[in-house]
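First the structure, in the form of structure tokens, and then the observations on it.
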Amino acid sequence: MNNFDDFVNNLQEQIYDEAKDAYGEKGFQRWRNPKYNGQITSPDGHARITGECGDTMEIFLKFENNRVKQAAYFTDGCASSAICGSFAAELAVGRDPDELTDITGDAVLKEIGRLPASDQHCAGLAAATLQEALGNYMKEIK
Ligand code: FES
């Protein structure tokens, strides 16, 4: 291995260590493997919200028998917003509308376990977008 490879490997390890400190093991693994990332064509519920930080979160929900069969998030935001969107989508899967209302920013934070204090609003953004996607679904089925 040459010096440049060493440099890159050390740098990557340092970034990983910092991410583990910031997000905990669970959040770190999700950052490395952002499950539920993407878009769903013809969702039953969808919302897009731009937070005060300027980042945009989208949530897509597909229902079957009034329960979320498929969920996805899409964001142009920071690592924390991606982790929060991913866990919000994960929490949504399998739930009916009533149960979905329990997914608050605090619930998302609890699921992750740890997030830097300065990024905790990202969980609020993910939850708010999920609730708006649910609201849009409810309007459609009325
Ligand atoms: Fe605002 Fe991450 S969503 S900084």
Side-chain angles (χ1 to χ4, degrees), residues 3-142:
N3 283 346
F4 183 71
D5 288 338
D6 281 346
F7 170 75
V8 170
N9 286 339
N10 286 339
L11 191 63
Q12 190 166 49
E13 254 172 54
Q14 196 185 326
I15 291 169
Y16 285 178
D17 284 346
E18 282 172 14
K20 273 185 200 167
D21 277 351
Y23 306 123
E25 188 62 31
K26 195 172 175 187
F28 171 74
Q29 292 304 339
R30 190 57 63 95
W31 174 63
R32 297 270 290 131
N33 174 23
K35 285 159 68 180
Y36 305 99
N37 178 245
Q39 290 162 321
I40 295 175
T41 323
S42 315
D44 301 312
H46 168 248
R48 179 192 292 124
I49 298 182
T50 300
E52 282 177 19
C53 57
D55 297 335
T56 299
M57 176 73 72
E58 280 186 81
I59 294 280
F60 302 81
L61 302 172
K62 195 100 185 156
F63 286 77
E64 195 175 273
N65 299 324
N66 209 34
R67 284 192 180 273
V68 175
K69 184 167 194 282
Q70 206 188 342
Y73 79 94
F74 195 73
T75 184
D76 62 0
C78 57
S80 292
S81 62
I83 292 168
C84 291
S86 180
F87 278 107
E90 182 167 275
L91 283 171
V93 174
R95 295 199 185 199
D96 68 16
D98 203 34
E99 294 161 347
L100 286 169
T101 59
D102 293 338
I103 305 175
T104 58
D106 281 346
V108 173
L109 282 176
K110 196 169 161 214
E111 189 64 23
I112 301 165
R114 191 194 306 174
L115 210 60
S118 59
D119 287 357
Q120 299 206 345
H121 70 275
C122 308
L125 179 61
T129 312
L130 174 64
Q131 295 305 324
E132 193 165 307
L134 170 63
N136 289 335
Y137 166 69
M138 298 302 285
K139 265 189 237 158
E140 285 298 312
I141 59 168
K142 264 192 186 165

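What you see below is based on every heavy atom in this structure, not just the backbone, and it leaves out hydrogens, waters and symmetry mates. Residue numbers count from 1 along this sequence. Ligands are counted one by one from 1 in listed order, and the atoms in each one are counted from 1 as well. In this text the structure is predicted, and so the values were computed from the model without any measurement.
Smallest separation of non-hydrogen atoms from Leu100 and Arg95: CD2-CB, 3.8 Å.
By the 4.0 Å N-to-carboxylate-O rule, Arg114 lies too far from Glu25 to be salt-bridged with it.
Listed by first and then second residue, the ring-ring contact (aromatic ring centres under 6.0 Å, His included) pairs involving residues 71-108 amount to none (not counting sequence neighbours).
The side-chain heavy atoms of Cys84 and Leu125, taken from C-beta on, include no pair separated by under 4.5 Å.
Each of Gln14, Glu13, Gln12 was checked for a side-chain contact (heavy atoms from CB on, under 4.5 Å) with Tyr16, and the lone residue meeting it is Gln12.
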### Query
Between Thr50 and Thr56, does a side chain to side chain contact (heavy atoms under 4.5 Å, CB included) hold up when you go through it step by step?
CA-CA 4 Å; Thr50 300; Thr56 299; 2.7 Å; yes
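Taking 2.8 Å as the limit, the number of protein N, O or S atoms around atom 1 (Fe) of ligand 1 is 2.
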